[in-house]
Amino acid sequence: MRFLWRWTRRLILLALVLVLALLAPVVWVETMCRGSGTPAPYAAILPPEHHRPESRTLLTYPEWHIVHAYDDYARVIAAGDPHDFGFLRAIGGFWSSLCSLSQAAPAHGGIDWPTRQMVHTIGVSFTAELLAKAAYEETLGRLVTLMRGPRAVLDDVSAAQAAAYAGFLQQVPWYRWDFRRDAAELDARSTGSLRDTERALALGLEYRVKAAYAQLIAAAVEGMGQDELTMRAIVAGLPAATLAGMPGVTVIAERPEGVDIETPRYRAFTDLARQIAGAGGDFVEIAGNDDILYTAVDDRPAAPGALISLPRQGAGDTRHLMLVKVADLARLMREGARVEHIHDY
């Protein structure tokens with residue numbers, strides 16, 4: 001009994017240390033990343049029911065950082081191994097970007113508690129997932145690659161799965177991905193080699209755990225209701241008929257300031273914004289706001305005015321978080337800004 005109690009205490013202490021380690025970045029952001037400032041006066045054109053909080057343009061990035069991390073991971077393992085990916089760098093990028101965004105948020109209305117809680121929750125989950133994955137891939141996973149020889153079949157299968165998953169996340173929530181299908185594919189395509197057996201067991205377990213967790217999240221989201229999939233914007237410089245001919249655009253009304261349109265959100269909006277900018281249009285207002293965040297990718301290690309710049313793994317370039325006036329967005333795109341994603345509140 002004494003032996004059992006001693007090990008029970010050690011396990012409890014270990015669990016406590018792990019919890020404190022996961023919560024440490026949250027404490028750091030909440031205590032060391034406080035910004036200042038008040039929102040500048042702005043008279044919105046769109047009616048209040050079509051406004052979205054301006055600070056949401058900042059606080060949508062942390063979720064996209066996770067999307068980008070999966071994209072980086074897929075790029076790294078396309079020709080390399082999982083232990084080649086910088087797990088700690090991806091985790092650090094999440095919290096350092098959240099710090100910069102938190103400092104900028106007060107000047108754009110601040111962060112409400114539900115949003116703050118959500119961002120911290122996904123940050124802790126992301127940190128725990130990558131730490132667990134790093135602990136395995138840097139030890140047993142690395143050992144098996146040393147014993148493997150040439151790349152195994154499931155190395156390429158898992159790389160293709162990672163790339164497909166990263167693409168899926170560009171527009172669809174992660175919990176809708178069919179993780180069980182991926183696990184079944186690993187089992188079906190395994191050759192029985194050491195590496196294939198290890199990949200099927202390790203990744204199969206990871207996928208099945210994610211599948212169970214995804215079911216819980218999907219049920220919770222269904223109970224709360226999904227976020228709006230469309231939003232309104234005012235565009236000048238293009239006739240209503242031209243805008244109406246663009247995929248996904250619904251013309252609502254013509255105003256003195258421009259054409260009132262309804263558009264899809266997320267990645268689809270970025271693609272649409274490129275089309276509008278290329279046709280010579282300019283955004284006057286988006287969702288009742290005059291400031292917006294976008295990410296740009298180029299070869300510079302830093303960009304003037306960026307909230308933060310983060311190197312992309314496996315790509316050799318850098319992602320910059322740029323906060324600009326809505327009225328300048330299309331012009332910057334026409335002038336050659338390598339806009340990766342527009343964060344649409």
Steps toward side chain to side chain contact (heavy atoms under 4.5 Å, CB included) verdict (Leu238, Met246): CA-CA 12 Å; Leu238 290 176; Met246 295 181 179; 4.1 Å; yes

Test log, rule side chain to side chain contact (heavy atoms under 4.5 Å, CB included), inputs Val259 and Val249: CA-CA 11 Å; Val259 183; Val249 173; over 6 Å; no

His65 (side chain) donor-acceptor with Ala90 (main chain) under 3.5 angstrom: yes

Non-hydrogen side-chain atoms of Tyr266 and Leu229 separated by less than 4.5 Å: yes

Heavy-atom pair of closest approach, residues Gln313 and Arg75: O-NH1, 2.8 Å

Path from Ile77 to Leu205 over hydrophobic side-chain contacts below 4.5 Å: no

Cluster overlap Val76 with Phe94, hydrophobic side-chain contacts below 4.5 Å: yes

Least distance between heavy atoms, Val284 atom then Glu257 atom: CG2-O, 3.6 Å

Close side-chain approach of Thr57 to Val326, heavy-atom, < 4.5 Å: no

Side chain proximity check, Met333 to Arg274, heavy atoms < 4.5 angstrom: yes

Check: Tyr61 and Ser100 side chains under 4.5 Å, non-hydrogen atoms: no

Check: Phe269 ring centre within less than 6.0 Å of Phe283 ring centre: yes

Check: Asp196 side chain, Thr191 main-chain N or O, donor-acceptor pair, under 3.5 Å: yes

Side chain to side chain contact (heavy atoms under 4.5 Å, CB included) between Glu129 and Lys210, worked out: CA-CA 10 Å; Glu129 178 188 350; Lys210 285 184 175 180; 2.9 Å; yes

Heavy-atom donor-acceptor pair, Asp72 side chain to Gly314 backbone, under 3.5 Å: no

Spacing of Leu201 atom CG and Ser190 atom OG [to the nearest 0.5 Å]: 8.5 Å

Pair Arg331 + Glu335, salt bridge at N-O below 4.0 Å: yes

Side chain to side chain donor-acceptor pair (under 3.5 Å) evaluation trace for Trp95 with Thr127: CA-CA 9 Å; Trp95 295 106; Thr127 300; 2.9 Å; yes

Distance in Å, Ile122 CD1 paired with Met118 CE, rounded so as to fall on 0.5 Å steps: 5.5 Å

Same apolar cluster (I L V M F W Y, side chains within < 4.5 Å links), Leu310/Val297: no

Reference residue Ile342; test side-chain contact (heavy atoms from CB on, under 4.5 Å); the match among Leu293, Asp271, Ile292: Ile292

Spacing of Tyr345 atom OH and Ile286 atom CD1 [to the nearest 0.5 Å]: 5.0 Å

Test item: Val17 and Leu20 side chains (from C-beta on) under 4.5 Å apart, heavy atoms: no

Straight-line distance of Asp282 CG to Ile234 CD1, nearest 0.5 Å: 13.5 Å

Side-chain donor-acceptor pair present, Glu340, Thr295, cut-off under 3.5 Å: yes

Distance, nearest 0.5 Å, that separates CG of Leu58 from CZ of Arg56: 11.5 Å

Side-chain ion pair, Arg312 and Asp317, N-O less than 4.0 Å: yes

Carboxylate-amine/guanidinium contact Glu137 Arg199, below 4.0 Å: yes

Stepwise side chain to side chain contact (heavy atoms under 4.5 Å, CB included) check, Leu131 with Ile91: CA-CA 9 Å; Leu131 286 177; Ile91 293 170; 3.8 Å; yes

Contact summary for Ala152 and Arg195, nearest pair of heavy atoms: CB-CG, 3.5 Å

Side-chain donor or acceptor of Glu198 paired with backbone N/O of Val144 under 3.5 Å: no

Stepwise salt bridge (Lys or Arg N to Asp or Glu O under 4.0 Å) test for Asp298 and Arg338: CA-CA 7 Å; Asp298 58 42; Arg338 290 176 56 186; over 6 Å; no

Check: Val339 and Leu332 side chains under 4.5 Å, non-hydrogen atoms: no

Give every donor-acceptor pair under 3.5 Å between a side-chain atom in residues 102-111 and any protein atom, sequence neighbours left out.
{"unit_1": "Ser102", "atom_1": "OG", "unit_2": "Leu98", "atom_2": "O", "d": "2.8"}
{"unit_1": "His108", "atom_1": "ND1", "unit_2": "Glu54", "atom_2": "OE1", "d": "2.9"}

Contact check, side chains of Asp291 and Tyr42, non-hydrogen atoms, under 4.5 Å: no

Within one Ile-Leu-Val-Met-Phe-Trp-Tyr cluster: Val29 and Trp64, side-chain cutoff 4.5 Å: yes

Hphob cluster co-occupancy, Val209 + Tyr175, side-chain heavy atoms under 4.5 angstrom: no

Residues, nucleotides or ligands: over 12 heavy atoms within 6.0 Å of Tyr136 OH: yes

More than 12 heavy atoms of other groups within 6.0 Å of Arg148 CZ: yes

Minimal non-hydrogen separation, Gly248 against Pro264, with atom names: O-CD, 3.4 Å

Lys/Arg N to Asp/Glu carboxylate O, Arg265 vs Asp344, below 4.0 Å: yes

Extract all donor-acceptor atom pairs below 3.5 Å that involve side chains of residues 156-168 and protein atoms in other chains or at least two apart in sequence.
{"unit_1": "Asp156", "atom_1": "OD1", "unit_2": "Arg151", "atom_2": "NE", "d": "3.0"}
{"unit_1": "Asp156", "atom_1": "OD1", "unit_2": "Arg151", "atom_2": "NH2", "d": "3.0"}
{"unit_1": "Ser158", "atom_1": "OG", "unit_2": "Leu154", "atom_2": "O", "d": "2.8"}
{"unit_1": "Ser158", "atom_1": "OG", "unit_2": "Asp155", "atom_2": "O", "d": "3.1"}
{"unit_1": "Gln161", "atom_1": "OE1", "unit_2": "Tyr207", "atom_2": "OH", "d": "3.0"}
{"unit_1": "Gln161", "atom_1": "NE2", "unit_2": "Asp182", "atom_2": "O", "d": "3.1"}
{"unit_1": "Gln161", "atom_1": "NE2", "unit_2": "Glu185", "atom_2": "OE1", "d": "2.9"}

NZ/NE/NH1/NH2 to OD/OE distance under 4.0 Å, Arg267 and Asp71: no

Side chain to side chain donor-acceptor pair (under 3.5 Å) between Ser309 and His320, intermediate numbers included: CA-CA 4 Å; Ser309 297; His320 312 285; 2.7 Å; yes

Point-to-point distance, once rounded to the nearest 0.5 Å, from OG of Ser96 to CG of Leu101: 9.5 Å

Residue pair Pro82 / Phe87: nearest heavy atoms and the distance that separates them: O-CE1, 3.4 Å

Throw together a table of side-chain donor-acceptor distances under 3.5 angstrom for residues 43-51, partners on residues two or more places apart or in other chains.
{"unit_1": "His50", "atom_1": "NE2", "unit_2": "Arg232", "atom_2": "NH1", "d": "2.7"}
{"unit_1": "His51", "atom_1": "NE2", "unit_2": "Leu46", "atom_2": "O", "d": "2.6"}
{"unit_1": "His51", "atom_1": "NE2", "unit_2": "Pro47", "atom_2": "O", "d": "3.4"}

